[in-house]
Chemist: 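So that we are looking at the same thing, I have put the structure below in structure tokens.
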Amino acid sequence: MGVDALSDLLRTVRLTGATFFDIAAKAPWVAEQPPRERILPKILPGAEHLIAYHVVTEGQCFTNLIGEAPIMVEAGEVIVFTRGDQHVLSSSPGMRADPAAPTPHDAMTGVQLPFFINLGGEGQTSARFVCGFLACDSYPFNPLLDNLPPVIKAGDPQGSDSGWLGQFIRVATMESAEKRAGGESVLAKLSELMFIEVVRRYLETLPPEQAGWLAGLRDPFIGKALSQMHARPAHNWTIEELAKAVGLSRSVLAERFTDVVGMPPMQYLAKWRMQIASGLLAEGRANVAAIANAIGYDSEASFSRAFKKMVGVPPSMWRRGVRPAA
């Protein structure tokens, strides 16, 4: 049997939630997330990739990547910045924050989450929203990140709590207000669930002609091939055996997989094996020989050569935290 390739990828790239803000804003107000290089070491030390999100629980606001058109986000909606790019949230479109002003990220050290913030003046609250971040591995291979747009908006602007996002908003609001023991862990796990639901909703909106890894999940044949490889990454797969498992001819599978995913099946398998290996190396619990065996290599030497060729550094250096130069 195969596995859920999306769940397998999220587990392997170590998706984790962290840092949670509860913000009440009174117009006029504006907040700006600095470049990810500035805030990533503060909120998620050691993380490779930053994902930022904002869930509006009351009222509405505008948000945009720097230099791009603003997007209105209403109560019941979430907006996700999948690459953690610098962006603005404000009561009106076109506003910018003072670049010299301190940000909430500078003041959160040692504070129990969620960190409550008041923005703006003394009038009525025009928007209330919860903000958070997620981290995941981006190297050596994360096909999900490569196939998501930089900004995704999802949810029900009517505020329905019948789905995952509505439940997330309801529980997140409750946890933010009560600050119960274990609340930080609850909010972190809720963030991960929220992100998965946003990705699933985005997947459902892809047009039939869309290519990429996410589109491959939806394709009945490519999705099954991905599931088979994820279920048995150490198996000595051949294109013939994989084609038989999904019910296509060798040539049709090879062409269809390459057209949709962007690389041949065996190249995908090789990259995925190295992603698994990189995680095992970073954890530090297994020796290199055991890792080589776990992903289908006959010897430590052959695995080490393949890892260095594909990733850019040998396994021993990766384990010590050394990453290839960009």
Side-chain angles (χ1 to χ4, degrees), residues 1-16 40-41 44-50 134-147 192 212-213 216-217 222-246 250 253-254 257-258 261-326:
M1 293 184 62
V3 301
D4 178 352
L6 177 58
S7 295
D8 189 42
L9 184 142
L10 291 171
R11 180 172 54 253
T12 304
V13 300
R14 301 183 295 177
L15 178 72
T16 55
L40 186 57
L44 294 163
E48 294 178 0
H49 186 84
L50 178 71
L134 298 116
C136 67
D137 296 338
S138 57
Y139 303 106
F141 183 56
N142 187 332
L144 175 61
L145 294 180
D146 295 337
N147 284 269
E192 296 166 29
W213 186 80
L217 293 182
I222 305 307
K224 189 174 182 181
L226 289 168
S227 177
Q228 292 287 328
M229 288 187 285
H230 278 251
R232 303 170 66 194
H235 181 67
N236 186 25
W237 287 105
T238 64
I239 188 65
E240 291 82 6
E241 184 181 6
L242 193 60
K244 183 178 180 180
V246 304
R250 177 185 184 279
L253 174 63
F257 194 103
T258 303
V261 180
M263 66 186 75
M266 296 301 102
Q267 182 182 352
Y268 177 88
L269 177 61
K271 286 178 173 289
W272 181 241
R273 284 171 168 172
M274 294 308 166
Q275 177 60 42
I276 296 172
S278 70
L280 294 173
L281 287 165
E283 290 173 2
R285 292 195 293 266
N287 60 42
V288 175
I291 293 171
N293 181 260
I295 62 169
Y297 281 82
D298 295 332
S299 70
E300 179 180 339
S302 62
F303 161 68
S304 296
R305 288 193 298 270
F307 189 92
K308 182 177 180 181
K309 181 178 180 181
M310 186 172 297
V311 177
V313 295
S316 59
M317 292 182 64
W318 184 276
R319 169 163 276 166
R320 295 197 301 268
V322 177
R323 301 296 182 257

Chemist: Working to the nearest 0.5 angstrom, can you tell me the gap between Ile222 CD1 and Leu217 CG?
Modeler: 10.5 Å
Chemist: Looking at CG of Leu10 and OG1 of Thr16, how far apart are the two atoms once the value is rounded to the nearest 0.5 Å?
Modeler: 11.5 Å
Chemist: Kindly say whether Gly296 contributes a backbone atom to a donor-acceptor pair with the side chain of Arg273 at under 3.5 angstrom?
Modeler: no
Chemist: Pairs of donor and acceptor atoms involving the side chains of residues 265-272, under 3.5 Å and at least two apart or interchain, shall be tabulated with distances.
Modeler:
| unit_1 | atom_1 | unit_2 | atom_2 | d |
| --- | --- | --- | --- | --- |
| Tyr268 | OH | Trp213 | NE1 | 2.9 |
| Tyr268 | OH | His230 | NE2 | 2.7 |
| Trp272 | NE1 | His230 | ND1 | 3.4 |

Chemist: Find the distance between OG (Ser278) and CD1 (Ile295) and round it off to the nearest 0.5 Å.
Modeler: 9.0 Å
Chemist: Quick one: are Trp237 and Arg232 in side-chain contact, heavy atoms under 4.5 Å?
Modeler: yes
Chemist: Donor-acceptor pair, Ser227 side chain versus Gly223 backbone, under 3.5 Å?
Modeler: no
Chemist: With side chain to side chain contact (heavy atoms under 4.5 Å, CB included) as the criterion, how do Leu145 and Val13 come out once you've worked through the C-alpha distance, each side chain's angles and the decisive distance to 0.1 Å?
Modeler: CA-CA 10 Å; Leu145 294 180; Val13 300; over 6 Å; no
Chemist: Among residues two or more places apart or on two chains, list those pairs meeting salt bridge (Lys or Arg N to Asp or Glu O under 4.0 Å) that have a residue in residues 281-294.
Modeler: Glu283-Arg285
Chemist: Can you find a heavy atom in the side chain of Leu242 that is under 4.5 Å from one in the side chain of Thr238?
Modeler: no
Chemist: Please name all residues satisfying salt bridge (charged side-chain N to carboxylate O under 4.0 Å, His left out) with Glu241, sequence neighbours left out, ordered by chain then number.
Modeler: none
Chemist: Which residues pass the side chain to side chain donor-acceptor pair (under 3.5 Å) test with Arg320, not counting sequence neighbours?
Modeler: none
Chemist: Which heavy atom of Val311 sits nearest to which heavy atom of Pro324, and what is that distance?
Modeler: O-CG, 3.3 Å
Chemist: What distance separates Gln275 CD from Leu9 CG, expressed to the nearest 0.5 Å?
Modeler: 7.0 Å
Chemist: State, with a plain yes or no, whether a side-chain heavy atom of Asp137 is found less than 4.5 Å away from one of His49.
Modeler: no
Chemist: Could you work out, with side chain to side chain donor-acceptor pair (under 3.5 Å) as the rule, every residue matching Ser7, not counting sequence neighbours?
Modeler: Asp4
Chemist: State whether the side chain of Arg319 and the backbone N or O of Leu281 hold a donor-acceptor pair below 3.5 Å, judged by distance alone.
Modeler: yes
Chemist: Is there any side-chain hydrogen bond (donor to acceptor under 3.5 Å, both in side chains) pair reaching into residues 296-308, and which pairs are they, with sequence neighbours excluded?
Modeler: Ser299-Ser302
Chemist: Begin with the C-alpha distance, continue with both residues' side-chain angles, and end with the deciding distance and a verdict on side chain to side chain contact (heavy atoms under 4.5 Å, CB included) for Phe303 and Met274.
Modeler: CA-CA 9 Å; Phe303 161 68; Met274 294 308 166; 4.0 Å; yes
Chemist: Heavy atoms only: give me the nearest Ala234-Ala294 pair and the separation to one decimal.
Modeler: CB-O, 3.2 Å
Chemist: Can you measure from CZ (Arg11) to CG (Leu6) and round to the nearest 0.5 angstrom?
Modeler: 10.5 Å
Chemist: Are any side-chain N or O atoms of Trp318 and backbone N or O atoms of Arg323, one a donor and one an acceptor, separated by less than 3.5 Å?
Modeler: no
Chemist: Quick check: closest heavy atoms across Thr258 and Pro264, and the distance to 0.1 Å?
Modeler: OG1-CA, 3.4 Å
Chemist: Check whether any side-chain heavy atom of Phe257 lies under 4.5 Å from a side-chain heavy atom of Leu226, and answer yes or no.
Modeler: yes
